[in-house]
Engineer: 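First the structure, then my questions, so here it is.
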Amino acid sequence: MRISLPEAILAIQRGQVIAVPTETVYGLAASLLHETAIRDIFSLKGRPAANPLIIHVANLNQVKEYAQQLPPGFADLAQHFWPGPMTLVLPVYLEKVPSIVRSGLSTAGFRVPRHELALQLLSTVGPLVMPSANLSGRPSATTASHVEEDFGEDFPLLDGGSCQKGVESTILYYRDTEWVILRLGSFEPEVFQHVLGYQPRVIHADSSSNPLCPGQAFRHYAPRAKLLLGEATRLNEASFVLGFKERNYPKDKRLICMGSLNDPHKVAENLYGALRQLDQEGADLAWIDMDFPCHGLWMTIAERLQRAGND
Ligand code: TXA
Ligand code: MG
């Protein structure tokens, strides 16, 4: 059910969960003040309690209310990249951020989204927790109809069109003496170089029981179809191909095109829509063309596809 901004404001203030557009993906939003609504987010998504939520704020000053410590470089990062697809994980005052938001950690992720509707909502209702608006494990939602696919047409939804960036925010955390990337995202690692003076390293998800970014330990972004990731010898087995417009694939395959090899931004924008289309078309086995560069935004695209393909 599409709702207006004033209706969205009322719903949030009453402690309801609604879907909200951001520049990356749609989020399922609840007020930081309504713990019951936050609990509802976990049950609506089927999200493990061990996977913490990002707190979205209207501006960097709001972060200062919750963060117990602002690491070196925080102000530069915030000034350069907010509003925008960057999440900063910071140590917080435990009494100010409900434990359910942090999954019991002593830190929380913060982000100022770059989307007019989201910013108007945030500046009226205050901080919102917002995980991506998809059932846990499924591809994220980048259009209003993706949200409806997962939560039904009656779900209250602020329609902001399709998300420009298409992949989630890049998550950074200050560890020891440097910022590191916990989740690759819409901002390529390279962009932080000119602000920090170094390119933050990417910390890869490990299977240890205490990963730095708990979400990386869970299955994600997956369509129902089984995905074959780039092994040329297995192309024959699949009836669907997820690929690029410049390439020639066998004519008997149904091509779902992610875009052009010259335009990773557009590929990122189309990525979850393409994965969801496999389900809409009833695909059970799809071959993914993984033959693309391995730098910049392509790294994020590769990571999302790899995780979508992991059983
Ligand atoms: O672009 C985005 O970030 C979107 C939009 C809606 O803003 N949100 C999003 O939220 O991607 P979600 O819940 O789908 O992913 C949040 C990720 C998870 O992997 C979670 O584990 C990690 O952020 N995270 C949250 N709090 C954390 C913390 N305190 N320490 C480490 N990782 C954290
Ligand atoms: Mg998500």
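In each ligand, atom 1 is the first atom listed, and ligand 1 is the first ligand listed.
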Engineer: Would you call R47 a ligand 1 contact, heavy-atom distance under 4.0 Å?
Structural biologist: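 Yes, that is the case, since the closest heavy atom of the residue is under 4.0 Å from the ligand.
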Engineer: Salt-bridged, R276 to D150, with N to O below 4.0 Å?
Structural biologist: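 Yes, this pair counts.
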Engineer: I want to know if ligand 1 touches T22 in the polar sense, i.e. an N/O pair below 3.5 angstrom.
Structural biologist: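 The answer is no, given that T22 and ligand 1 share no N or O pair closer than 3.5 Å.
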Engineer: For atom 22 (C) of ligand 1, what's the nearest protein heavy-atom neighbour? Residue, atom name and distance, please.
Structural biologist: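 Atom 22 (C) of ligand 1 sits closest to the protein heavy atom C213 SG, 3.7 Å.
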Engineer: Starting from atom 23 (O) of ligand 1, find the nearest protein heavy-atom neighbour and note its residue, name and distance.
Structural biologist: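 So the nearest neighbour among protein heavy atoms is I171 CD1, 3.2 Å.
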Engineer: Is a salt bridge present between E7 and R2, judged by a nitrogen-to-oxygen distance below 4.0 Å?
Structural biologist: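 Between R2 and E7 there is no salt bridge, as every charged N stays at least 4.0 Å from the carboxylate O atoms.
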Engineer: Just wondering, do V167 and S140 contact through their side chains at under 4.5 Å, heavy atoms?
Structural biologist: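 No, every pair of side-chain atoms sits at 4.5 Å or beyond.
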Engineer: Does a side-chain N-to-carboxylate-O contact under 4.0 Å join E65 and K96?
Structural biologist: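 No salt bridge links E65 with K96.
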Engineer: Would you mind checking which non-hydrogen protein atom is closest to atom 5 (C) of ligand 1, with the distance to 0.1 Å?
Structural biologist: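 Ranked first by proximity to atom 5 (C) of ligand 1 is T24 OG1, 3.5 Å.
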Engineer: Given that the side chain starts at C-beta and the backbone is N, CA, C, O, which of these parts of V89 lies under 4.0 Å from ligand 1, counting heavy atoms, or is it both or neither?
Structural biologist: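 Side chain only.
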Engineer: Could you measure the distance from the CD atom of E178 to the OH atom of Y198? Nearest 0.5 Å is fine.
Structural biologist: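 Here the rounded value is 6.0 Å.
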Engineer: How far is atom 29 (N) of ligand 1 from its nearest protein heavy atom, and which residue and atom is that?
Structural biologist: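 For atom 29 (N) of ligand 1, the nearest protein heavy atom is T107 OG1, 3.0 Å.
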Engineer: Where does the angle between the aromatic ring planes of F81 and H194 fall among parallel (under 30°), tilted (30 to 60°) and perpendicular (over 60°)?
Structural biologist: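 Answer is perpendicular, since the angle exceeds 60°.
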Engineer: Quick check for you: to the nearest 0.5 Å, what is the distance between T170 atom OG1 and R183 atom CZ?
Structural biologist: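 Rounded to the nearest 0.5 Å, the OG1-CZ separation comes to 8.0 Å.
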Engineer: Considering heavy atoms of the protein only, find what lies nearest to atom 24 (N) of ligand 1 and give residue, atom and distance to 0.1 Å.
Structural biologist: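 Result: P52 CG, 3.8 Å.
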Engineer: How about Y221: does one of its N, O or S atoms come closer than 2.8 Å to the Mg ion (ligand 2)?
Structural biologist: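 No, outside the cut-off.
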Engineer: Of all the non-hydrogen atoms in the protein, which one sits nearest to atom 20 (C) of ligand 1, and at what distance?
Structural biologist: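 Ranked first by proximity to atom 20 (C) of ligand 1 is N51 OD1, 3.1 Å.
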Engineer: For S260 and E246, which I'm curious about, is there any donor-acceptor pair between the side chains at under 3.5 Å?
Structural biologist: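 Their side chains do contain a donor-acceptor pair, which is all the 3.5 Å distance test asks for.
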Engineer: For atom 14 (O) of ligand 1, what is the nearest protein heavy atom, given as residue, atom name and distance?
Structural biologist: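 For atom 14 (O) of ligand 1, the nearest protein heavy atom comes out as S132 OG, 2.9 Å.
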Engineer: Output yes when the distance from some N or O of ligand 1 to some N or O of R183 is under 3.5 Å, and no in every other case.
Structural biologist: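 It does: an N or O of R183 is found under 3.5 Å from an N or O of ligand 1.
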Engineer: Would you call R111 and E168 a salt bridge, using N to O less than 4.0 angstrom?
Structural biologist: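 Answer for the salt bridge query: no.
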Engineer: Do E168 and ligand 1 have an N or O pair less than 3.5 Å apart?
Structural biologist: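 So ligand 1 has no N or O lying under 3.5 Å from an N or O of E168.
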Engineer: So between P131, A141, P113, whose heavy atom ends up nearest atom 10 (O) of ligand 1?
Structural biologist: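 That would be P131.
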Engineer: I'd like the name of whichever of H56, M130, E23 reaches closest to atom 7 (O) of ligand 1 through any heavy atom.
Structural biologist: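 Selected option, by shortest heavy-atom distance: H56.
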